[in-house]
Every structure is written in structure tokens, then in C-alpha cells.
Amino acid sequence: MPRILLFLAIGLLARVSGLPNGAPPKTCSNLTPHHENTSPQTSYPPYQVLPAAGQGRVRLILGSPEGLAYQGFMILARDIDTGEFVGEFTNLPDSAKIVECTQGVKNAVTHTNKDKKQNLEFDWEAPVDYEGTIIFNSTFAQDYSTYWVGVESPRITVNKRSIDVLTSPTPVTTFRTTTPPYYGRTVNYVTQNEEDPFYTGCHITKNCFGAPADCIKTKDCAAVVAVIVQGEEYHFEMQARGEAKYVAVGLSDDEKMGDDSVVECTNEEGEIALHTSWNSGKRNTRHPTPEGAIELENSSIKNDVIYCKFRRDKRTIIQGRTYDLVNTPYHLLVVAGKDLRANGVDFHDIVYLGTSNSKKLADVGEWIPASDLLIRLHGALMLASWIGTASIGMLLARYYRQTWVNSQLCGKDHWFAWHRFFMVLTWSMTIAAFVIIFVELGTWSSATIHASVGLATTILCFIQPFMAAMRPHPGAPRRVLFNWAHWFVGNVATICALIALFFAVRLNKANLPQWVDYILTAYVVFYVLTHLILTFLGCVSDRQASQRVNSFPMKDMHSRGSMVHPDARRDAPHSGVRKFIFGVYFVVIVAFAAILIVITVLAPIEETWATFTNTISSY
Ligand code: HEM
Ligand SMILES: *[C@@H]1O[C@H](CO)[C@@H](O)[C@H](O)[C@H]1NC(C)=O
Ligand SMILES: *[C@@H]1O[C@H](CO)[C@@H](O)[C@H](O)[C@H]1NC(C)=O
């Protein structure tokens with residue numbers, strides 16, 4: 001029998017033997033190819049069927065944990081209780097086609113050619129009303145005589161259009177000698193069977209706004225507010241997940257805290273309560289709720305999610321101001337936090353987000369979250385300057401005055417030219433980042449540790465170049481004083497910068513994950529170690545240099561013709577090691593700065609990452 005008639009060339013067989021209904025029922029029933037003088041392998045199959053649940057459908061990937069290709073395959077879906085075929089296959093690639101085990105129904109798939117295949121993907125669609133558990137059963141042929149029959153997928157429960165992949169171990173029906181391999185490609189099973197009703201109608205029948213940005217689309221907001229306008233009635237819903245003790249909505253004239261009418265939904269020992277409060281600046285204080293103007297309509301605490309629905313009069317007077325929901329456009333603020341104070345809410349440590357646009361609440365449409373681009377820019381620039389350029393520039397000034405001395409750059413020693421270059425960069429980026437955060441915040445916002453220590457860093461950094469410009473000549477008596485002051489201010493600024501960085505991790509606006517602490521700590525350890533090694537090397541080098549000058553005075557004559565005293569124009573001993581250390585230091589510092597900047601710019605990095613992996617694993 002020619003090899004062309006490969007295993008399961010069902011379509012071909014069908015045409016040749018004139019079976020218009022597709023594969024012979026025999027193949028559908030036992031999945032066994034009719035290859036002469038062959039029998040199925042009894043070892044554990046090197047192939048796997050990977051299902052990922054979608055809306056009413058399952059995406060299948062037919063692959064191999066070992067990356068092996070296959071020439072032929074057949075796959076079908078059966079109800080595990082009745083053994084009936086279920087559903088239909090769609091979205092096939094060119095190398096696959098439908099087999100109609102039952103006439104007119106797309107119940108199985110097989111290959112169209114004997115090319116080597118890897119990771120074929122297609123969909124299986126559930127019947128509209130079907131409820132039950134199914135399994136995909138398949139056969140894979142590596143070549144004509146090597147094939148595995150009965151390769152089963154994980155079980156999948158289907159409940160009308162909602163689908164769940166059970167990750168319990170696949171039942172083994174074929175005799176297998178080895179333990180199941182683990183499929184290398186990680187698939188994020190997107191279970192959508194528990195749709196949160198809160199999001200139903202968002203941007204269609206009601207205005208929704210939540211944080212983090214884009215969470216309305218993914219239906220997983222940490223905190224979210226919806227406004228439903230029914231005639232003259234204004235209803236608000238809000239909910240927050242996590243360990244939220246409160247979720248609140250503010251009506252504001254701008255995207256920031258300050259002069260806002262706030263309604264809070266609080267969880268007080270398991271009891272939901274509604275309060276009203278006012279933001280004066282960053283301070284939030286409760287006030288009595290105007291009688292009948294704002295009323296709780298519904299509330300719940302379920303699986304760590306607190307939920308409130310309330311009605312608000314279309315016209316209310318709060319703190320002497322009229323809130324006219326019909327005619328005045330408002331910004332919304334949504335906040336949530338983990339703690340309550342004695343008579344109010346504590347810091348919004350879960351969510352704080354304002355809308356960048358204001359609109360009348362009855363106009364349904366998307367709210368655009370206020371951009372935090374400037375905060376990211378502030379963080380990125382500060383990181384670039386204090387993790388990056390400052391630590392390189394200062395290392396050069398401290399340990400490399402006697403290295404690369406036999407040439408100059410624009411009439412200056414290399415160490416000096418580069419020190420100045422890196423410090424000018426540091427200065428410019430720090431001042432820029434400082435101005436940027438003020439543009440973002442509008443005022444001197446708060447007495448947080450980050451803000452105060454950051455201010456100290458910036459001031460110290462700011463005065464450094466002015467001090468340097470006024471420095472006395474080398475050798476002048478006041479020069480020692482300058483050196484000392486320059487060194488001191490530089491180091492204090494660096495230490496303040498580090499403290500500011502550690503406290504930046506704790507700012508919830510920065511959205512940095514807590515584990516950034518470890519990266520910062522690793523940086524500090526690396527920085528200190530390098531300084532220790534170079535200090536040690538410096539001591540050794542000093543001692544040798546003095547010995548050398550005494551014992552081999554003539555050697556210096558060989559240094560490349562320089563007009564200056566020859567000895568001063570030679571690198572101090574061990575310059576090779578020092579240059580090597582600088583090379584390593586430079587690369588590692590750039591890596592630290594790059595990693596931290598990426599985390600800051602893509603913050604919150606964990607969610608960015610999850611969205612990314614979801615996008616590539618779903619379809
Ligand atoms: C050495 C590095 C840094 C310095 C010297 C510094 C300096 C400052 C200063 C002076 C302020 C005060 C603005 C004010 O409260 O009016 C501030 C605020 C802020 N910084 Fe930084 N910063 C640094 C790094 C970072 C990083 C890496 C981030 C991460 C994104 C960051 C995020 C913020 C945020 C979100 C605020 C506003 C805080 C608030 O709302 O009160 N900073 N920074
Ligand atoms: C899968 O197919 C093999 C071979 O036909 C069969 O022995 C096995 O019982 C099937 N598994 C299920 C769950 O139907
Ligand atoms: C409150 O919510 C529950 C569950 O969401 C709903 O069944 C009930 O009708 C709601 N009550 C009111 C008054 O809206």
C-alpha cells in the first residue's frame with residue numbers, strides 16, 4: 001500500500017470509494033486508522049489537545065509538549081455520559097477539514113495533507129441549549145505506522161453557552177507507561193461563566209467609570225461606579241472588590257480631589273451604610289445627609305465585593321453649593337480603601353481615579369480616565385537620573401581620576417568630562433521631573449515622606465552645579481572646603497533620592513508593585529559592593545604607586561609623550577581591573593534603570609502583563 005494513502009486520509013478515501021457522507025462511520029466510532037500491518041502505540045502519547053474556554057466555544061490547540069510534529073490526526077467531541085457526538089467544529093486552518101460522522105453535522109476534524117503539522121488551532125462550538133460534560137477524543141499519527149489512538153483532552157463542562165475547562169487529570173483509557181507530560185505552553189483559561197451583572201449595559205444604558213483604566217471592558221474593576229438615569233430619577237451604583245471597607249463616588253468640577261460632593265458606601269462590621277461627605281482640599285469630612293435627598297436603595301456584601309445602589313435628587317444643596325445633575329456637567333471621582341476612620345473613611349489605598357472629561361450624567365457614553373502620563377514621566381525621569389546617570393557620574397569622580405589619563409576629551413581629563421556630562425544629565429532630568437510633578441499636582445500637594453524627601457533631593461541637586469561653578473582653583477586654600485561640600489551635598493542628595501524611591505513604591509498613584517522594593521534593595525547592595533571593591537583597590541593601588549615611583553623612576557619615561565610631568569600622566573596601577581569593573585558597573589546600572597523605568601511606565605505592570613498574556617492565549 002503506497003504511503004501516500006496515509007492514515008486517516010478520509011476525504012480521499014471517501015472520494016475514492018465514493019462515500020459522499022465523509023469518513024466511514026467506523027473511523028468515527030473507534031478513531032483507529034486502517035493502516036495495514038500496524039497497530040497503535042501503547043506508550044504515553046507525545047501529543048496533547050489543549051482547550052481554552054471562550055464564549056460558547058472552545059479553542060483547541062493540537063500540539064506536542066516535546067514539540068513533535070504530526071502528519072495525521074482526527075478529533076471529535078463526545079458527551080461523556082451518553083457517548084453522543086456534541087457540537088460542531090469551525091474556523092479550521094487549511095491543513096484541516098470537517099468529517100461528518102453524522103450526515104450534515106460537522107462533528108469531527110481531520111487533516112487534508114500529510115505535511116508535518118504543529119500547534120494547529122481551531123474552534124469547537126457548543127450547541128445553544130446543551131448542558132453536560134464533554135471530552136475531545138483524538139488520534140495523532142506521527143507517520144504511517146506510528147500513531148496514538150484515544151488521546152483525550154481535559155473534561156469540559158458546558159452549561160448552555162457558558163463553558164468551563166476542568167483541569168482535573170485526564171482519565172487514562174489507553175495503557176500508558178509514563179507519567180503525563182506537562183504541556184509547555186501556558187494557557188490562561190478565561191472563564192466567563194460568572195459574568196458580573198454590574199457591567200451589563202455599561203456605555204449603553206448607563207454611564208460606568210472604574211479603575212484601573214480599561215476595566216469596564218474586562219469587567220474586573222477594583223472599584224467601579226455606574227450612573228443610571230431613568231426619566232428624572234438619578235440612580236448610582238458602586239462596587240469594589242478586594243478588602244475594600246468602602247467605595248465612594250465624588251462629583252467634582254475637575255479631575256482632582258478638592259471641593260467634591262462625595263457619597264460613601266461603607267462596610268461597618270458587615271453592615272452596609274451610606275454616608276455623605278465633602279472634600280476640602282485633600283481632607284474629607286462627613287456631613288449629615290440631606291433628608292430624603294440621597295437614599296440607599298440596595299446593597300450587598302458578596303465574596304468580598306461590596307455593592308451599593310442609591311438614588312440622588314436631581315437638585316441638592318451641599319455645603320452651600322447647588323448640585324444640578326440635569327444641567328451641570330460633572331467629573332466623577334471613584335475611590336476605594338481598606339480602612340474606615342472613627343467618623344469617616346481612611347486613605348484611598350485601593351483606588352483613586354478621576355475622569356478627565358466632565359459631562360452631564362444623563363449623556364451615556366464612555367468616561368475617559370484622567371491621564372497619569374505625567375506621573376509616569378516623573379517616575380521614569382527620576383529613575384533615569386538617580387539610578388542611572390547619577391550613580392555612574394559619581395563613581396567616575398570618585399575612583400577614576402587616575403584612569404584613562406593619557407588622553408583628554410575637549411581639553412579635560414576623561415573622568416572630569418564624563419562626570420560633568422552625567423551630572424548635567426542628572427540635574428536636567430531631576431529638575432524636569434520636579435516641574436512635571438508640579439504641573440500634574442497643581443500645588444504642593446501633601447506632606448508625604450516621598451514629597452518631602454523628594455523635595456530635599458531636588459534642592460540639593462539644584463545647587464550642586466552652582467557650587468561647582470564657583471569652585472576655587474585646585475590648590476587654593478578654600479578648595480578643600482569646596483571638595484568637602486560638593487562631596488557631602490552629592491551624597492546626601494543620593495541618600496534622599498533612594499529614600500524617595502522606596503517611598504514612591506508606597507504611593508498608590510504610582511501603581512508600583514511592592515516587589516520593586518527587592519529590585520531597589522538589590523541595587524543598593526550592588527552599589528555598596530562596587531564602592532567597597534573600588535575603595536579597596538584604590539588603597540592597594542596607592543601603596544604600589546608610591547613603591548613604584550621609588551624603585552623604578554626611569555620607567556615613567558616611556559609614557560606616551562606628554563608635556564605634563566610623566567608620572568601624573570600614567571594610569572594608577574590596576575587600571576585594567578578598574579576599567580573592567582566600570583564596564584560591568586555601567587551595564588548593570590543601565591539594566592537596573594531600564595527595568596525600573598519599564599515597570600514605572602507600564603504600571604500597573606502585573607495587570608499590563610496579565611492583559612498581555614490573556615490576549616495572546618485567548619482569541
Ligand atoms: C529620587 C527619585 C524621586 C524624587 C526626588 C521625587 C520627588 C518628588 C517630589 C518632590 C514630589 C512632591 C510633589 C508634591 O507633593 O507636590 C513627588 C511626588 C510624587 N512622586 Fe516622586 N520623586 C522621585 C521618584 C518617583 C518615582 C520613581 C515615582 C513613581 C512613579 C514617583 C511618583 C510620584 C507621585 C505619584 C507623586 C505625587 C504624590 C502625591 O500625590 O502626593 N516619584 N516626587
Ligand atoms: C477515546 O477513544 C478511544 C479509542 O476509540 C476509546 O477507547 C476511549 O474510550 C475514548 N474515550 C472516551 C472518553 O470516549
Ligand atoms: C436588590 O438587589 C437584588 C439582587 O441584585 C435584586 O434581586 C432586588 O430586586 C434589588 N432590590 C431593589 C429594590 O432594587
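As the structure lists them, so they are numbered: ligands from 1, and atoms in each ligand from 1. All of these numbers come straight from a predicted model, not from anything done at the bench.
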Proximity to ligand 2 by part of V149, non-hydrogen separation under 4.0 Å | side chain
So, does H111 use its side chain to make a donor-acceptor pair with the main chain of S95 at under 3.5 Å?
-> no
State whether the shortest distance between N or O atoms of R78 and N or O atoms of ligand 2 falls below 3.5 angstrom.
-> no
Numbered in order shown, the ligand 2 atoms found under 4.0 Å of a heavy atom of N30 are 4 (C), 5 (O)
Minimum heavy-atom distance between V49 and S138, given as atom pair plus value | CG2-OG, 3.5 Å
All ring pair (Phe, Tyr, Trp, His ring centres under 6.0 Å) counterparts of Y246, not counting sequence neighbours | none
Determine whether the side chains of S43 and Q41 contain a donor N or O and an acceptor N or O closer than 3.5 Å.
-> no
Relative to the heavy atoms of I135, which atoms of ligand 2 are at a distance of less than 4.0 Å?
-> 13 (C)
